[in-house]
S.K.: 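Take this structure first; my questions come after.
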Protein chains: 2
Amino acid sequence: MLDPVSRVRRFNRAVTSEVGALDTSFLGRGRPLGAARVLNAIGHGRSDVAELRDYLALDSGLMSRLLRSLEEEGLVTTKPHPDDARRRLAKLTAAGRREFEAYETLSNAQAQAMLARHSQPEALLAAMDMVAAALGRNRISIAEVDARGEQARYCLGEYYGELSRRFERGFDVARSRDPDAVDMMAPRGAFFIALSDGLPLGCVGLKGTGGAVAEIKRLWVAPAARGIGLGRRLMDAAEDAARKLSIKILRLDTNSVLSEARQLYRRTGWTEIDRFNDDPYPDLFFEKRL
Amino acid sequence: MLDPVSRVRRFNRAVTSEVGALDTSFLGRGRPLGAARVLNAIGHGRSDVAELRDYLALDSGLMSRLLRSLEEEGLVTTKPHPDDARRRLAKLTAAGRREFEAYETLSNAQAQAMLARHSQPEALLAAMDMVAAALGRNRISIAEVDARGEQARYCLGEYYGELSRRFERGFDVARSRDPDAVDMMAPRGAFFIALSDGLPLGCVGLKGTGGAVAEIKRLWVAPAARGIGLGRRLMDAAEDAARKLSIKILRLDTNSVLSEARQLYRRTGWTEIDRFNDDPYPDLFFEKRL
DNA sequence: CATAATATCTGACTTAAGTCAGATATCGAA
DNA sequence: TTCGATATCTGACTTAAGTCAGATATTATG
């Protein structure tokens, strides 16, 4: 009915005409938008003035004046950076923190209200995640994390959940060769996640043995983040890490049901090889020489 | 990992920080945002100055000045409304139309580029449709249309497509008792669609016989618009139309696979009755006395 | 230590946007 | 025809936001 371009533009209209309404918490507390944005950015943990300026895309003069006005209001204090006295650090005062919390409360209440109006909030949230991931794709960072940490465990949980949905006979971690977390940590291996504004959207593990051969394990990309090249970025990170560990041969196993993964491997220099383990779930095996 | 409220707020951040980037076509042609918005609103068919002011939420003084500046640029002409010389009508000049088309081209190109960067544009579009529907829910209108028209046919096509996906043995219109379009038009019946900023999001047919009994047919709500109460609004429209046609008893058939529909009927005063036709697809039958 | 580079700040601007009180013209109804 | 209501316009403001050229202080580098 509507062509794709019209649908994107319809989305833009909906969002921009509601955008005031999307998060009006920045208004309504008798403070210009600029100052409110700075206060909130500081409240969210950004203290370095240069970082604030960069994040909010403000001119240095303007930034400086906004900080002064917040200082005059008694909401913020600044002091030189201990390592470099040219740089300045901003911090909320007690009053500033109260004001920040007031903004947070407003903003949370608005988000809550929008969800409450919907009778299928999970579907709506999934759609929002997807749009947010697509719009913020160049702000998704790949980070090496502890494979036993909270974020890694969350990703693995989602990964297992997806396998049990997609495999015809389900998936039971206990029956699979679950790699030891220590094999996916320095100095033998590594574990990476893709992080978008606080939400983990993907992961991959590099399972080392200490020798020249290592395995890629647990490659997962959140449904909301498919189609924006995250799988590739995660694999690149794992390969780079493998090279740094002097690993010469990478292997992986997968299941033909996971067609996106197979396509990715085929396109990025992996070659199919014979089965190299007796794990019951995989039916495809790949190798890549670095 | 992130709670629902945080996910909504993450979406808000993604959208608001990209919102300049969402549609920057309003900038970049050496004209202040306000004037560009007025030019575009006129280009999209709004000519009445009061309507423009209302749509763009501008003060009358500001509106007046923006129109003057566009007139000075030679992009717009205004003239008194033929029926009421107090009101004024704005119109694009040839140069204004060219300028408007340039904005349109930019905007389309941006939408196109955003889609091109995504390798699963259909999923992204579906997510955008869902978010747009949820944000613009109070701007969705129910309209009576010709059951043979383009919009009705689009909705019916989507409806049949969904049935064939959800019914275990598929769905073949030819095998079903497809109601004649004329039975779903005045004076015997009616056909309604839900329209959101140009995109049809749902439909329902009232199939009359000329007597006191009529049937509800083809209730469909687009996946992107589920959870915002559209089914109910469509049914209300059909019931109102039935009352106006002096219909006393409404009937409908459905399939138990369509659980959302069944829930809706149960909650809105319908009672289950015995099978009243030999259509192979339905297995549930409802009645409502008006 | 001299000098260039860096981070922030200040002062002097411009522009966009918005507000508000009237002015002007026209319309609708008594 | 008169008068209140309505639609738009004009003039006189305010505020927010952004720009830009230096000033100042500090750090890095040869």
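Lettering follows sequence order; numbering is per chain, from 1.
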S.K.: Could you report the tightest heavy-atom contact between A133(A) and L201(A), atom names first, then the distance?
M.R.: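 Looking at all heavy atoms of both residues, the closest pair is CB-CD1, 4.0 Å.
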S.K.: Between D236(A) and R233(A), does at least one N-O distance fall below 4.0 Å, as a salt bridge requires?
M.R.: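 Not counted as a salt bridge, because no side-chain N and carboxylate O are separated by less than 4.0 Å.
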S.K.: Under a 3.5 Å distance rule, please check whether E71(B) uses its side chain to pair with a backbone N or O of T78(B) as donor and acceptor.
M.R.: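 Pair found, side chain donor or acceptor close to backbone of T78(B).
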S.K.: Tell me, yes or no, whether the heavy-atom count around R148(A) atom CZ, taken from other residues, nucleotides or ligands under 6.0 Å, exceeds 12.
M.R.: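 Atom CZ in R148(A) is not crowded, with 12 or fewer foreign heavy atoms closer than 6.0 Å.
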S.K.: In residues 54-64 of chain B, what residues come within less than 4.0 Å of DNA chain C, judged by heavy atoms?
M.R.: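 Nucleic-acid contacts, sorted: L58(B), D59(B), L62(B).
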S.K.: Counting the atoms with a prime plus P, OP1 and OP2 as sugar-phosphate, which does R68(A) contact under 4.0 Å by heavy atoms, base, sugar-phosphate, or nothing?
M.R.: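 The residue R68(A) makes sugar-phosphate contact but no base contact.
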S.K.: Assign each of R31(A) and H81(A) to its nearest nucleotide of DNA chain D by heavy atoms, then name whichever residue's nucleotide is nearer the 5' end.
M.R.: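 Closest to the 5' end, via its nearest nucleotide, is R31(A).
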S.K.: May I ask you to decide whether R139(B) forms a salt bridge with D197(B), counting only side-chain N to carboxylate O separations under 4.0 Å?
M.R.: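 Looking at R139(B) and D197(B), the cut-off is not met.
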S.K.: Please compare L67(A) and A85(B) by the position of their nearest nucleotide in DNA chain C and report the one closer to 5'.
M.R.: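 Going by which nucleotide is closer to the 5' end, it is L67(A).
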S.K.: Could you tell me if R31(B) and Y103(B) have a donor-acceptor pair between their side chains, going purely by distance under 3.5 Å?
M.R.: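 Yes, a side-chain donor-acceptor pair sits under 3.5 Å.
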S.K.: Need two values: the first and the last nucleotide of DNA chain D, 5' to 3', having an atom under 4.0 Å from any heavy-atom of chain B.
M.R.: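 First-to-last contact on DNA chain D, by the 4.0 Å heavy-atom rule, is dA5(D) to dA12(D).
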S.K.: Going by distance alone, is a donor N or O of one side chain under 3.5 Å from an acceptor N or O of the other, for R65(A) and S69(A)?
M.R.: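 There is no such pair between these side chains.
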S.K.: Side chains of I140(A) and I228(A): closer than 4.5 Å at any heavy-atom pair?
M.R.: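 Yes, side chains in contact.
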S.K.: By nearest heavy atom, map R86(A) and A35(A) onto DNA chain D; which one lands nearer the 5' end?
M.R.: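 Per heavy-atom nearest nucleotide, the more 5' residue is A35(A).
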